Amino acid sequence: MSRVYNFSAGPAVLPEEVLKEAADEMLDYKGCGMSVMEMSHRSKVYDEIIKEAEQDLRDLLSIPDNYKVLFLQGGASQQFAAVPMNLMKNKKAGYILTGQWAKKAFAEAKLYGEAVELASSADKTFSYIPDCSDLPITDDMDYVYICENNTIYGTKYKTLPNTKGRLLVSDVSSCFLSEPMDVTKYGVVYGGVQKNVGPAGVVIDIIREDLITDEVLPGTPTMLKWKTQSDNDSLYNTPPCYGIYICGKVFKWIRKNGGLAGMKQRNEEKAKVLYDFLDSSKLFKGTVVKEDRSLMNVPFVTGNEELDKKFVASATEKGFVNLKGHRTVGGMRASIYNAMPKEGVEKLVEFMSDFEKQNG
Ligand SMILES: *Cc1c(COP(=O)(O)O)cnc(C)c1O
């Protein structure tokens, strides 16, 4: 068996320890003679798995009691619709457009009400986070929406926008559990788990309790109504059982490795290795303004498409895979989530440095 260094933006690398544990438990989960994939979601054994996963997540993020944690299906994209359906009482909300995922959420919200563009960084290919200190937010907006870490463009909010008292809703898919976060600053936080936390298909919602009501937009499907899911502790129907089980294991792995403070330190160290190299390189260039750089997704280019292609191909040969940039940006992107070891980033930089000597 040989494992590659997987720089995929998602589904992405998971801790090897977690995968091994899951393999060990594949045929017989803790003596019950079956796989977690095969057991009833109403069984006592599974109840313990999902309850423990929730508790570990609550401990990691210090989630206050007045916030609900939901494990749902449909990925982050499903929540693009669920957010307006559950929150648009005035049928109006403000969106900050910092990339593809924010734009998709914005387009979806427009199906249900008046979605207002508050700011955008489209003018410079989303390479920065706009100034959010004094946005044209009005009192009739039900919420202000952000995508906190922009997976494709590699930017991250270092300070949250001034929402002028309006509710903040944040898609944290690609920075979830990568560093500490103050949940009380948000009304709703949600993230697809396939970036930092687990297998694709699961989305985790953390929602302030008073926002979970029967007052949803007419026509909201039962499954998309947060109240349905909350009243049934994420077990209204069959949840993505196996995915949640793996998330639970990742939570434990994070706890064992210093919690979110530990993740932040690891992630800062890793990102520094790569950004320092990019800043000193004559061939490779980071595409994001320094102050808004993501710790998770690092896009870079050589400025020559042919050379980019050659780089990606020779990197793949050497076991550094999934470095091709998103089709809308081109170039390269290294996603260095929690589970990417520092060694992987160091070896990538070594390889980049060699490539530069040969091609510079
Ligand atoms: C990947 C991603 C999504 C989409 O997630 P799905 O689970 O595929 O719906 C949404 N937002 C962000 C920030 C992402 O990185």
Side-chain angles (χ1 to χ4, degrees), residues 6-14 70-85 95-109 111 115 120-122 125-130 143-158 160-161 168-179 181 186 188-206 221 223-224 229 234 239-240 242-244 246-247 250 267 288 292-299 322 324-329 333-340:
N6 180 7
F7 294 93
S8 169
V13 57
L14 284 168
L70 302 177
F71 295 97
L72 306 174
Q73 314 200 35
S77 302
Q78 182 87 291
Q79 297 304 305
F80 294 171
V83 165
M85 284 178 157
Y95 279 70
I96 302 171
L97 305 186
T98 50
Q100 204 86 330
W101 296 115
K103 269 168 60 185
K104 281 195 171 170
F106 179 58
E108 193 71 13
L111 300 175
S120 167
S121 50
T125 333
F126 301 112
S127 58
Y128 70 104
I129 298 287
Y143 59 88
V144 171
Y145 183 100
I146 61 169
C147 177
E148 202 158 326
N149 184 81
N150 295 282
T151 325
I152 294 170
Y153 299 95
T155 58
K156 159 111 206 285
Y157 285 81
K158 300 296 160 79
L160 293 174
L168 181 62
V169 175
S170 178
D171 173 358
V172 297
S173 295
S174 52
C175 58
F176 201 33
L177 305 185
S178 64
E179 56 184 304
M181 178 175 94
Y186 306 81
V188 179
V189 176
Y190 72 90
V193 304
Q194 72 273 30
K195 312 290 159 69
N196 232 347
V197 184
V202 182
V203 55
I204 298 176
D205 280 30
I206 304 169
M223 284 282 291
L224 288 193
Q229 304 289 356
S234 307
Y242 195 80
I244 296 168
I246 298 292
C247 291
V250 172
N267 290 330
V288 168
D292 298 328
R293 284 169 164 176
S294 164
L295 292 180
M296 298 283 97
N297 312 99
V298 184
N322 290 320
K324 191 168 182 292
H326 190 268
R327 61 196 141 79
T328 60
V329 199
R333 171 181 47 172
S335 293
I336 49 177
Y337 296 116
N338 286 350
M340 171 59 65

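Please read all numbers here as calculations on a predicted model, not as lab measurements. All ligand and atom numbering here is 1-based and tracks the order in the structure.
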(request) May I ask you to check whether over 12 heavy atoms, not counting those of K156, lie within 6.0 Å of atom NZ? (result) yes
(request) Take Y337 and N297 through the side-chain hydrogen bond (donor to acceptor under 3.5 Å, both in side chains) test and state the conclusion after the steps. (result) CA-CA 8 Å; Y337 296 116; N297 312 99; 3.0 Å; yes
Are [X] and [Y] close enough that some pair of their side-chain heavy atoms sits under 4.5 Å apart?
X: V202; Y: Q194; answer: no
X: I129; Y: S121; answer: no
X: F176; Y: K195; answer: no

(message) Contact between ligand 1 and C147 is defined here as a heavy atom of the residue under 4.0 Å from a ligand atom; is it met?
(response) yes
Protein contact to [atom] [nearest heavy atom, distance to 0.1 Å]:
atom: atom 14 (C) of ligand 1; value: K195 NZ, 2.8 Å
atom: atom 9 (O) of ligand 1; value: S77 OG, 2.6 Å
atom: atom 11 (N) of ligand 1; value: D171 OD2, 2.6 Å

(request) Heavy-atom distances under 4.0 Å are what count here, so tell me which part of K104 touches ligand 1: side chain, backbone, both or neither. (result) neither
(request) Give the ring-plane orientation class for Y190 versus F80, where under 30° counts as parallel, over 60° as perpendicular and anything between as tilted. (result) perpendicular
(request) Answer yes or no: does an N/O atom from A76 fall short of 3.5 Å to an N/O atom of ligand 1? (result) yes
(message) Pairing donors with acceptors under 3.5 angstrom, does anything connect the side chains of Y128 and Y153?
(response) no
Distance filter under 4.0 Å to [X] heavy atoms, resulting ligand 1 atoms:
X: Q194; value: 5 (O), 6 (P), 7 (O), 8 (O)
X: T151; value: 12 (C), 13 (C), 14 (C), 15 (O)
X: G75; value: 7 (O), 9 (O)

